[in-house]
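Reading through the structure tokens given below for one structure.
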Amino acid sequence: MNFFVRSFSRSVIIVLMTIKALTANAQSTVIPIETKNNAIVLRVGDDKRLSMVYFGGKLANNTEYAAVPKVTKQDRYDNVYNSAYTTSGTHNLLEPAIEVTHADGNKSLELQYVDHSITKINEDVSLLSIRLKDSLYNFEVTLNYQTYYNENVTEQWSVITHHEKKDVVLNKYASANLYIQADSYWLNHYHGEWAQEMRTEEEQLNHGIKTLDSKLGSRADIFQPPVFMVSLNKPAGEDEGLVLYGNLEWSGNFRIDLEVDPTNNLRLIAGMNNYAANYTLKAGVAFETPKFVYTLSDKGKGEASRNLQSWARKYKVLDGQGPRLTLLNNWESTYFDFNNDKLSALLKDTKDLGVDLFLLDDGWFGNKYPRNGDHAGLGDWEVNKAKLPLGIPFLTKTAKQNGVKFGIWVEPEMVNPKSELYEKHPDWVVKQPNRPEFYMRNQLVLDLSNPTVQNFVFGVVDKLFAENPELAYIKWDCNALMYNAYSAYQKNQGNFYTDYVRGLYSVLDRLRAKYPKVPMMLCSGGGGRVDYGALKYFTEFWPSDNTEPIERVFIQWEYSYFYPALTSSNHVTDWGKQPIKFRTDVAMMGKLGFDIVVSKLKPEELAYCQGALKTYKEFSEAIWHGDQYRLQDPKTNDVASIMYVDSTKNNAIMFNYLVNQRYQAGSHLPIRMKGLQEDKMYEVSEVNMMPGQNSSIATATYSGKFLMTVGLNPDARSGRNSVLIAVRGK
Ligand code: DGJ
């Protein structure tokens, strides 16, 4: 019997089908997993091993998938190298996706196909679940592939269960194991540090294993985020080349192994990091791994990123299809030094500036140990009576009087040793017993693997909402990584790293059940925690504390490959020497906010900002929900250029920045636009100029074809180092 499963040919909304175990000629059992342009093909061998025999562009005739292994001769190693979920302890000798210690201490595992089912969730989304089982041990793994047909996106994860007589220890437990065939593999990955997030590097993968990972625990991404690209056959460009994007949806330690195997194929294994994390699993309990999301495009990095962005807006990010609030934050204008009078003045500034919301940052809490600096008070979430004798209600009331909303900063996962919380509950803190404490920013992490601590953290935010129902926004910070990782609550320390993140998600689940809509910013001392596991609960993230605008052009550019613009909180601050126009123009490329002293702006600067907010409003649909096209890369050009086109192709905006300060650097040639409608006429004009500034660009009307073939020179150069061009359909 030959099973070809065409997941998307059905008209019923939910189809659940289970295909029973294999027949004698099982070698021909092939399971294609298709999206609009791509296919993954899995095959069950006559030994019942499940292998991945194809990953690439969809074939016109899907009966041909069965021929792929014949021509590529992948099965010469008994379907081990190309395993769909590589086991260990038997005859696989390459990097495994799963490694276990059974209840009897044995470490071998052989997974054999049992059956599979397909659930068609809606016209776009289907879930394929494949059950695999060991023939000797009562140990089972279900591999899940959730496809988003139109977006060409797949999410993959596994669920591990056993019914052995005692606990089993999971030594490795990947989410996904892919097998890719190409002439060569070019890995684009990222590294960073505080204020230096998303620095990119590209290298050709050679034989052996390249590992991208984090062992930092809570602020896991600060040195390396769980995002990467692999170009196949040659380095992909913005609009050409075959490229795979991968991203692990997990807010903790991760590990992504890329292994070019002895047969020159790429084995990709992604999941939580098993470093110091041998997980003890009880019988009958399902261990679900995080999702690994990936997309493949044969039209380069641009299309791959638009696929991922549109998937994220539609299916992942909280309120991804909704609007965003502009705001004024007080962090860099006051730091910890504020009181009712100062904040009242800032609330009036919020109104004068014309943004939607005022965001009160760190420093509003702590009494025995007042939060007047970063060395004390964290954990004591009572309003500081000296600074704010009338409490938060006074501030929400004053905000209301000014016609603006009010939001607040919290960092509820953390504690300063100098706090009442630490004094009362030292056992709630992540630290080694009998060893000296080691701090990052004078603080420690609370043990969220402990349900009592989860209740406390939930309670902190819940109480804020209960006492201040008008609270319209939360900035959720997380500044310390985990040194001395040890939980006084855990019996098995190997469970700690995983259960910490699960504890965090459990708190966020409870908060979202009660407060489903309130916008929340995911912040981690900059971009220390940016991932789709968390973005399910958050409307936006804070990419970096580095808001110097030229730096920011680079940082936002790199994030944009993996995350949609409306999730990127960009604040105008006083970092660097660029004028207010440059800083604001850059911040407008995502979710716009300000963190400046508005009252110190010159009248023309304030007028410019107010005008910029109007421009932002006009083009917010294109920026928040439209398609993003990278036109000129800041890494290889004097001028960085990027544009956003709304879904009707009627309204677009082009952002251009001079990023090279050398003599005569500038845009000397027209820059070709993208994403417009060829036969439509567009009026192009420069917008967002300082009051009194004249444009060197004549307002004119061109066809979409002209703008995409010939282009337009924004005339970005010294003295015009930031140029915004409105492209309005006629
Ligand atoms: C780190 C954040 O990135 C900043 O924006 C600010 O909120 C501080 N923490 C407050 O302590």
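Numbering of ligands and ligand atoms starts at 1, following listing order. What you see below is based on every heavy atom in this structure, not just the backbone, and it leaves out hydrogens, waters and symmetry mates.
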Heavy atom of E411, distance to ligand 1 below 4.0 Å: no

Quick check on contacts: which atoms of ligand 1 are under 4.0 angstrom from a heavy atom of [X]?
X	answer
G526	3 (O)
C523	2 (C), 3 (O)
W542	3 (O), 5 (O)
D361	6 (C), 7 (O), 10 (C)
W409	7 (O), 10 (C), 11 (O)
G525	1 (C), 3 (O)

E382 atom CD, over 12 foreign heavy atoms within 6.0 Å: no

Any N/O pair D545/ligand 1 closer than 3.5 Å: yes

NZ/NE/NH1/NH2 to OD/OE distance under 4.0 Å, D362 and R371: yes

Check: Y275 side chain, S214 main-chain N or O, donor-acceptor pair, under 3.5 Å: no

Centroid-centroid distance, Y245 to F228, less than 6.0 Å: no

Y657/F582 aromatic ring centres below 6.0 Å: yes

Any donor-acceptor N or O pair under 3.5 Å, side chains S449, Q490: yes

Flag for Y422-E420: side-chain donor and acceptor within less than 3.5 Å: no

Member of Y497, Y500, Y505 meeting the ring pair (Phe, Tyr, Trp, His ring centres under 6.0 Å) criterion with W250: Y505

Ligand 1-proximal atoms of N329, by part, heavy-atom distance under 4.0 Å: neither

Atom 11 (O) of ligand 1: nearest protein contact (heavy atom, Å): D362 OD2, 2.6 Å

Closest protein heavy atom (residue, atom, distance) for atom 2 (C) of ligand 1: D477 OD2, 3.3 Å

Selected option - heavy-atom contact closest to atom 5 (O) of ligand 1, from M521, E332, K475, Q443: K475

